[in-house]
Amino acid sequence: MHASTDVARLEALVTSMSERMATLTRTLGSWVQQGAHDLQEIEEHVLRLVKELGATLGAGLTALLV
């Protein structure tokens, strides 16, 4: 692939992941404010969602290899 195409694809991934993280943070922030949650519940919820985010990042990085 052409170097500029590689850079564009990487930047698109960075933008996408940044938007996903912002959405995730807003969603979790709203969820925490909506009701009483203990630390364990918050940690479990965050870890589950971050694991999903990590899988998305892994898939995006793998797609850069093609």
Side-chain angles (χ1 to χ4, degrees):
M1 279 210 184
H2 193 274
S4 63
T5 302
D6 289 344
V7 169
R9 291 173 63 213
L10 177 56
E11 287 307 311
L13 177 60
V14 169
T15 299
S16 173
M17 292 307 300
S18 296
E19 290 170 357
R20 286 175 183 263
M21 186 62 187
T23 299
L24 176 64
T25 302
R26 287 184 190 98
T27 300
L28 285 169
S30 293
W31 174 74
V32 165
Q33 292 175 330
Q34 288 174 0
H37 303 285
D38 63 25
L39 182 57
Q40 181 177 351
E41 184 181 10
I42 293 169
E43 287 177 343
E44 289 171 356
H45 199 62
V46 167
L47 288 175
R48 182 178 56 78
L49 293 173
V50 168
K51 186 174 180 177
E52 292 172 11
L53 185 69
T56 301
L57 176 57
L61 292 170
T62 302
L64 293 176
L65 297 174
V66 180

Q: Tell me who clusters with Val14, hydrophobic residues only, linked when side chains sit under 4.5 Å apart either directly or through other members.
A: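 Other cluster members: Leu10, Leu13, Met17, Met21, Leu24, Leu28, Trp31, Val32, Ile42, Val46, Leu49, Val50, Leu53, Leu57, Leu61, Leu64.
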Q: Per the side chain to side chain donor-acceptor pair (under 3.5 Å) rule, what does the pair list look like for residues 51-62, sequence neighbours excluded?
A: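 Side chain to side chain donor-acceptor pair (under 3.5 Å) check on residues 51-62 returns Arg48-Glu52.
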Q: What residues join Val7 in its hydrophobic cluster, counting side-chain heavy atom gaps under 4.5 Å, either direct or through other members?
A: none
Q: Quick one: name the residues clustered hydrophobically with Leu65, using the 4.5 Å side-chain heavy-atom rule over I, L, V, M, F, W, Y, and just say none if it's on its own.
A: none
Q: Name all pairs fulfilling the salt bridge (charged side-chain N to carboxylate O under 4.0 Å, His left out) condition that reach into residues 11-20, sequence neighbours left out, sorted by first residue then second.
A: none
Q: In chain order, what residues pass the side chain to side chain donor-acceptor pair (under 3.5 Å) check against Gln40, with sequence neighbours excluded?
A: Glu44
